[in-house]
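Everything below concerns the one structure shown next.
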Amino acid sequence: MHKKYFFFDIDQTLGVGITKVVPPDTQYCLDELQRCGHFVALATGRLQYDAAQFASAHGIGSLVADGGNSLTVDGRLLQMEGLPLEPVKALLRDLEQRRQPWAVVIDNTYDRYTPYADYPRDDPHNYMNTLVGPVDIESLQNVYKVTYAREKAGKSPAPTHGLPHLPFIDDTYLVEPVDKGKGIEKMMALLHANPHDAVVFGDGLNDLAMFRKPFFSIAMGNARPILKKRADYITKDVDKGGILFAAVFLRQFNRLVDRHAH
């Protein structure tokens, strides 16, 4: 067996929606891949603490989390970096002047801190604990995520300061690292593995950075069109056996490659 290194996004790739519900056939594939000696890891934008809870529940010990900024191998957190601090502070200063409520995640927990008692947090999909109190922008040492209320209709958006922005729940923006590909490259180097042996699965815009060579890229049937265009293979939807169909395809594909190699 030629060992492969599988990296899976969570929401809408392993889990249905953002419910963390993993279809039984998907769980079977994860277990079988590891039983056969392959390396299985998550590749997610979620904070390491959050991703680790999901990984543990589904028998996965390794993960590239924080959009590529943290690496965990066999349950051990090896690296974790925050967002670039000066651009984050500049963004927060702008938001203060514009009176747009903001919150920051400054430690590896579900907690986010905001000076705004009215910070939007009604969406039932919200998983963060919103803690209200003074936050000194200039004293911040690490910021892993920023969320802030979107501008009102007709008002120009705040400068991004080069930080990646994603639409988020509660009519807010989410600022978080998005280079999962860079994180996978770091992980493969740590494992002394050939990057050509990496297989990545995803569905959304924050997966674009890992859909690059030399990785073999698989888009879910429910993936964004731009991701499908970059994919080496498009499987079925997450809730229609997508991971299982991809596993069958890869098994047949690798057998064909091995046959030609010999």
Side-chain angles (χ1 to χ4, degrees), residues 9-12 17-20 43-51 53-54 65-70 80-183 202-209 224 226-227:
D9 174 54
I10 299 178
D11 302 322
Q12 291 284 58
I18 58 173
T19 62
K20 300 185 181 181
T44 177
R46 294 192 192 189
L47 196 70
Q48 193 275 344
Y49 177 82
D50 185 19
Q53 310 304 306
F54 180 93
D66 298 279
N69 274 23
S70 71
M80 188 168 182
E81 301 176 10
L83 289 160
L85 203 52
E86 289 311 313
V88 166
K89 290 181 179 181
L91 171 63
L92 296 179
R93 292 187 204 108
D94 284 344
L95 294 174
E96 279 286 279
Q97 292 181 354
R98 294 163 60 91
R99 299 187 179 278
Q100 282 178 248
W102 53 267
V104 289
V105 176
I106 59 175
D107 44 33
N108 192 22
T109 69
Y110 286 126
D111 297 336
R112 65 179 173 185
Y113 299 85
T114 179
Y116 295 90
D118 60 345
Y119 188 84
R121 52 185 182 275
D122 294 331
D123 194 297
H125 294 120
N126 176 43
Y127 62 90
M128 296 181 182
N129 302 316
T130 305
L131 305 178
V132 179
V135 180
D136 182 1
I137 293 174
E138 305 310 323
S139 297
L140 293 171
Q141 298 295 315
N142 287 296
V143 177
Y144 298 109
K145 295 184 187 295
V146 179
T147 55
Y148 67 92
R150 298 188 203 182
E151 60 280 350
K152 294 181 179 179
K155 188 174 182 180
S156 61
T160 64
H161 295 279
L163 296 165
H165 282 55
L166 299 168
F168 197 48
I169 57 176
D170 286 316
D171 201 24
T172 62
Y173 290 116
L174 170 64
V175 180
E176 66 176 6
V178 293
D179 199 345
K180 297 181 185 181
K182 182 179 178 181
D203 71 283
L205 296 179
N206 69 340
D207 297 318
L208 281 170
R224 295 290 189 97
I226 189 172
L227 206 67

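What you see is a predicted model; the values in this text were computed from it and never measured.
Nearest heavy atom pair, residue Leu47 against residue Thr109, reads CD2-O, 3.0 Å. The two residues Pro164 and Val178 come nearest to each other via the heavy atoms CB-CG2, 3.8 Å. The shortest non-hydrogen separation linking Leu95 to Ala158 is CD2-CB, 4.0 Å. In terms of heavy atoms, Thr114 sits closest to Ala103 at CB-CB, 3.8 Å. Minimum heavy-atom separation, Ala149 to Thr172: CA-CG2, 4.0 Å. Closest approach of Asp179 and Ala209 over heavy atoms only: OD1-CB, 3.5 Å.
Using a 3.5 Å distance cut-off with no hydrogens or angles, the side chains of Tyr119 and Thr147 do pair a donor with an acceptor.
Residue-environment remark: NZ (Lys155) exceeds the threshold of 12 foreign heavy atoms within 6.0 Å.
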Would Arg224 and Asp207 satisfy salt bridge (Lys or Arg N to Asp or Glu O under 4.0 Å), going step by step from the backbone distance to the final call?
CA-CA 10 Å; Arg224 295 290 189 97; Asp207 297 318; over 6 Å; no
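Looking at Thr44, its side chain never comes within 3.5 Å of a backbone N or O of Asp9 through a donor-acceptor pair.
By the 4.5 Å heavy-atom criterion applied to side chains, Tyr144 and Gln48 are not counted as neighbours. Side-chain contact between Leu227 and Leu208 is present, with at least one heavy-atom pair separated by less than 4.5 Å. Inter-residue side-chain proximity for Asp111 and Asn129 is flagged as met; some heavy-atom pair is nearer than 4.5 Å. Between Pro120 and Arg150 there is no side-chain heavy-atom pair separated by less than 4.5 Å. Contact annotation: the side chain of His165 approaches that of Leu91 to within less than 4.5 Å [non-hydrogen atoms, C-beta and beyond]. The closest side-chain heavy-atom distance from Pro84 to His161 is not below 4.5 Å.
With rounding to the nearest 0.5 angstrom, the CD1 atom of Ile10 is 7.0 Å from the CG atom of Asp50. To the nearest 0.5 angstrom, Tyr148 atom OH is 9.5 Å from Asp94 atom CG.
Every residue two or more places apart in sequence or in another chain that forms a ring-ring contact (aromatic ring centres under 6.0 Å, His included) with Tyr49 is listed here: Tyr110. Evaluation of the side chain to side chain contact (heavy atoms under 4.5 Å, CB included) rule for Pro157 yields Glu151 as partners, not counting sequence neighbours. Taking the side chain to side chain contact (heavy atoms under 4.5 Å, CB included) definition, one finds that Asn69 meets it with Asp66, Glu81, Pro177, sequence neighbours left out. For Asp123, the side chain to side chain contact (heavy atoms under 4.5 Å, CB included) test picks out His125, Ile169, Asp170, with sequence neighbours left out. Taking Lys145 as the reference, Glu176 meet the side-chain hydrogen bond (donor to acceptor under 3.5 Å, both in side chains) condition, with sequence neighbours excluded. Residues that satisfy the side chain to side chain contact (heavy atoms under 4.5 Å, CB included) test with Lys89, not counting sequence neighbours, are Leu85, Glu86, Arg93, Ile137, Glu138, Leu140.
Screening Asp107, Val175, Val104 against Val143 for a side-chain contact (heavy atoms from CB on, under 4.5 Å) leaves a single residue, Val104.
Aromatic ring pairs are classed by plane angle as parallel below 30°, tilted from 30° to 60° and perpendicular above 60°; the pair Tyr116 and Trp102 is perpendicular.
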